Protein chains: 2
Amino acid sequence: MASRDYGQYSGITRAMELVGERWALLIVRDLLVGPRRYGELAAELPRIPSNILAARLKELQAAGVIRRAPRSRVILYELTPYGRELEPVVLALGAWGFRALDDPREEQLISAESMTMDLRSAFRASVARELPATAYEARFGASGGTELLIRVDGSELDVASGGGPGDVAFSIAGGAGIRQLITGELDAEQAIATGVVELRHGDKSLLGRFADTFHLAA
Amino acid sequence: MASRDYGQYSGITRAMELVGERWALLIVRDLLVGPRRYGELAAELPRIPSNILAARLKELQAAGVIRRAPRSRVILYELTPYGRELEPVVLALGAWGFRALDDPREEQLISAESMTMDLRSAFRASVARELPATAYEARFGASGGTELLIRVDGSELDVASGGGPGDVAFSIAGGAGIRQLITGELDAEQAIATGVVELRHGDKSLLGRFADTFHLAA
DNA sequence: CCGCATCCCATGTGATACTG
DNA sequence: CAGTATCACATGGGATGCGG
């Protein structure tokens with residue numbers, strides 16, 4: 001029932017037995033953003049087969065990582081307190097993997113949940129606290145297909161999909177460009193000059209503010 | 001060739017594609033202790049099939065996580081600089097999983113490498129710096145089969161297998177007891193009183209020092 | 001020996017279809 | 001909507017082989 005074990009008495013080994021199966025940590029990642037329904041998870045994890053999702057949800061419940069939210073009219077999955085303590089793991093993985101990303105490909109989904117966690121792993125709360133509250137609108141993806149609204153207010157960060165015409169300080173578009181900005185491969189000046197980031201609204205200083213707020217250094 | 005992808009443009013997803021396959025992070029964990037030969041890895045990861053080990057080593061090389069050590073007479077695997085940056089991930093996983101351990105079972109191996117990383121994830125350098133250098137001898141495992149020599153000197157930590165009769169400040173034995181000590185479920189006093197930790201040499205204050213040096217709180 | 005490669009079978013995964 | 005059921009296929013596990 002519990003995942004095959006590694007035959008070793010060790011913390012890392014135990015962690016891999018509990019959340020090391022394929023898809024498991026991605027489910028945890030999405031639930032770190034907030035409780036989710038079965039169908040929402042299936043949509044955010046586009047290629048997960050339904051039987052695998054069902055199996056993982058059961059295993060993660062048995063492992064004490066997630067639970068069905070009590071007192072909820074619909075079926076909602078949420079992290080247990082112990083599961084929420086996986087946040088440092090997910091953030092560390094995100095920070096590491098983000099720097100290995102290349103240009104987004106056409107078929108790759110960019111979900112609000114995944115970008116939320118990526119941006120959280122790059123978020124420098126101490127820097128953001130010194131800056132005025134800002135809302136950024138960003139379009140990601142090869143075709144610019146995914147639209148996100150990123151709101152930063154002090155050390156608070158919120159990401160929602162589908163910008164819509166809110167009162168947005170500026171909006172940017174670009175696939176790899178935004179990643180290069182965050183990893184520091186390019187600064188705001190260069191990003192605009194080389195065209196990898198398109199500034200659709202607002203001025204360049206706001207792009208610099210974005211790069212200051214979200215930064216992943218080696 | 002590269003692992004099946006998740007169809008998503010995200011740092012966590014990318015990380016899972018690079019090091020998310022079964023056994024991969026355990027190989028990384030052991031290499032965080034130091035370069036290793038193929039046979040050493042196979043011995044430390046007792047149940048890994050040889051074809052899987054060979055496959056993972058290739059994949060991790062292709063991913064830029066490990067490499068064969070150059071200028072070495074024998075074949076040695078070591079982490080690349082980028083691979084070494086997985087240390088926060090492994091430590092976070094170890095800290096999380098350690099608290100989900102139960103009593104060690106008879107068949108479970110306790111390797112010096114895995115305990116080294118577990119102890120590193122629990123190691124409080126700032127605390128240790130204030131304490132005198134100490135060498136601990138510990139026997140883990142259901143049958144007390146694994147003997148480790150743990151040396152702490154300032155913020156330096158070293159773990160070796162097979163204690164031997166060095167000049168050891170004290171020695172302890174116990175399986176889950178040592179974990180309970182580290183997680184704070186028991187303090188040194190209780191651990192000895194209830195018999196979950198057996199103090200074979202040295203005095204109780206040294207056990208308290210151990211618990212101060214290695215601590216994983218919720 | 002050490003560092004793998006091969007074989008074979010059990011199990012896990014993925015795609016699709018289906019049901020309460 | 002929230003899962004099961006089914007089946008083809010990929011991967012993992014264990015034993016064994018084999019060249020340098």
Side-chain angles (χ1 to χ4, degrees), chain A residues 1-8 13 16-28 30-31 34-63 66-78 107-109, chain B residues 1-8 13 16-28 30-31 34-63 66-78 107-109:
Chain A
M1 180 98 257
S3 306
R4 279 160 303 164
D5 73 53
Y6 286 97
Q8 214 174 52
T13 305
M16 297 311 292
E17 287 163 5
L18 295 176
V19 295
E21 300 291 317
R22 192 166 165 76
W23 294 104
L25 271 178
L26 299 183
I27 294 171
V28 170
D30 282 8
L31 292 182
R36 289 285 184 277
R37 307 182 55 159
Y38 184 96
E40 295 176 306
L41 289 170
E44 295 154 14
L45 274 26
R47 319 217 313 190
I48 193 173
S50 63
N51 56 343
I52 299 293
L53 177 54
R56 291 293 172 274
L57 289 174
K58 277 186 190 168
E59 292 161 12
L60 290 171
Q61 284 180 79
I66 69 172
R67 65 180 170 211
R68 291 161 97 120
R71 280 180 288 293
S72 169
R73 205 174 43 77
V74 297
I75 298 178
L76 269 185
Y77 293 94
E78 65 181 13
E107 359 76 71
Q108 290 187 307
L109 176 84
Chain B
M1 181 102 257
S3 304
R4 273 158 309 159
D5 73 54
Y6 286 97
Q8 214 173 53
T13 305
M16 298 310 292
E17 287 165 4
L18 294 176
V19 296
E21 299 291 316
R22 193 166 163 76
W23 294 103
L25 271 179
L26 299 183
I27 295 172
V28 170
D30 282 8
L31 293 181
R36 288 285 186 278
R37 306 184 53 162
Y38 183 97
E40 295 176 307
L41 290 170
E44 296 155 13
L45 274 25
R47 318 218 312 191
I48 193 172
S50 65
N51 57 343
I52 298 294
L53 178 54
R56 291 293 171 275
L57 290 175
K58 278 186 188 168
E59 293 161 11
L60 290 172
Q61 285 179 79
I66 70 172
R67 65 181 170 210
R68 292 161 97 119
R71 281 180 289 291
S72 169
R73 206 173 45 75
V74 297
I75 298 178
L76 270 185
Y77 293 95
E78 65 181 14
E107 357 79 69
Q108 290 186 307
L109 175 83

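Computed from a predicted structure; not experimentally measured. Just the heavy atoms: all of them, side chains too, but no hydrogens, waters or symmetry mates, feed the values below. All chains are named by letter (A, B, ...) in the order of the sequence lines, taking the proteins before the strands, and each is independently numbered beginning at 1.
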Q: Report the nucleotide, chosen from C:dG14, D:dA2, C:dG3, that has the shortest atom-to-atom distance to any side-chain atom of A:Y38.
A: D:dA2
(Q) Without decimals, in angstroms, what is the distance between A:W23 CH2 and C:dG14 P? (A) 7 Å
Q) Does A:K58 make a side-chain N or O approach to OP1 or OP2 of D:dA2 shorter than 4.0 Å? A) no
Q.
I need the B:L53 CG to B:L57 CG distance, nearest 0.5 Å.
A. 4.5 Å
(Q) If we ignore hydrogens and angles and just use 3.5 Å, is the side chain of A:Q8 paired with the main-chain N or O of B:E44 as donor and acceptor? (A) yes
Q. What's the CD-C1' distance between B:E44 and C:dC2, to the nearest Å?
A. 15 Å
Q. Choosing from C:dC4, D:dG13, D:dG14, which nucleotide comes nearest the side chain of A:R4?
A. D:dG13
Q) What is the distance, rounded to the nearest whole Å, between atom CG of A:L45 and atom P of C:dA15? A) 13 Å
Q) Between C:dC4 atom P and B:E40 atom CD, what is the distance in whole Å? A) 13 Å
Q: Counting heavy atoms from C-beta on, name the nucleotide in C:dC4, C:dT13, D:dG12 closest to the side chain of A:R56.
A: C:dT13
Q. Can you tell me if B:R56 uses its side chain to pair, donor with acceptor, with the backbone of B:R22 under 3.5 Å?
A. yes
Q: Return the minimal non-hydrogen interatomic distance between B:E17 and B:Y6, and the atom names on each side.
A: OE2-N, 2.9 Å
**Q.** Length of the CD1-P vector between B:I27 and D:dG12, whole Å
**A.** 11 Å
Q. Starting at CZ of A:R73 and ending at P of D:dC1, how long is that distance when rounded to a whole Å?
A. 13 Å
Q. Is there a donor N/O on one and an acceptor N/O on the other, under 3.5 Å, for the side chain of B:S50 and the base of C:dA5?
A. yes
Q) Residues two or more places apart in sequence or in another chain: which of them pass side-chain hydrogen bond (donor to acceptor under 3.5 Å, both in side chains) with A:E107? A) A:R105
Q) If you find the nucleotide of DNA chain D closest to B:R47 and the one closest to A:I75, which residue's nucleotide is nearer the 5' end? A) A:I75
Q. Closer to the 5' end of DNA chain C via nearest nucleotide, is it B:A55 or B:R37?
A. B:R37
(Q) Do A:I27 and A:V19 have side chains that approach each other closer than 4.5 Å (heavy atoms only, starting at C-beta)? (A) no
(Q) In whole Å, I'd like the distance from the CD atom of B:E21 to the P atom of C:dG12. (A) 15 Å
Q: Check whether any side-chain nitrogen or oxygen of A:R22 sits under 4.0 Å from OP1 or OP2 of C:dG14, and answer yes or no.
A: yes
Q: Using atom CG of A:L57 as one end and atom C1' of D:dT4 as the other, report the distance to the nearest whole Å.
A: 14 Å
(Q) Strictly distance-based, threshold 3.5 Å: is any side-chain N or O of B:R47 a donor or acceptor partner for the main-chain N or O of A:D5? (A) yes
Q. Less than 4.5 Å apart, any side-chain heavy atom of B:P70 and any of B:E78?
A. yes
Q.
Taking the axis from the first five pairs and the axis from the last five, what angle separates them in the helix from C:dC1-D:dG20 to C:dG20-D:dC1, rounded to 10 degrees?
A. 30°
Q) Would one find a side-chain N or O of A:Y77 under 4.0 angstrom from OP1 or OP2 of D:dG3? A) yes
(Q) Using a distance-only criterion (donor-acceptor N/O pair, under 3.5 Å, no hydrogens), is the base of D:dG14 paired with the side chain of B:N51? (A) yes
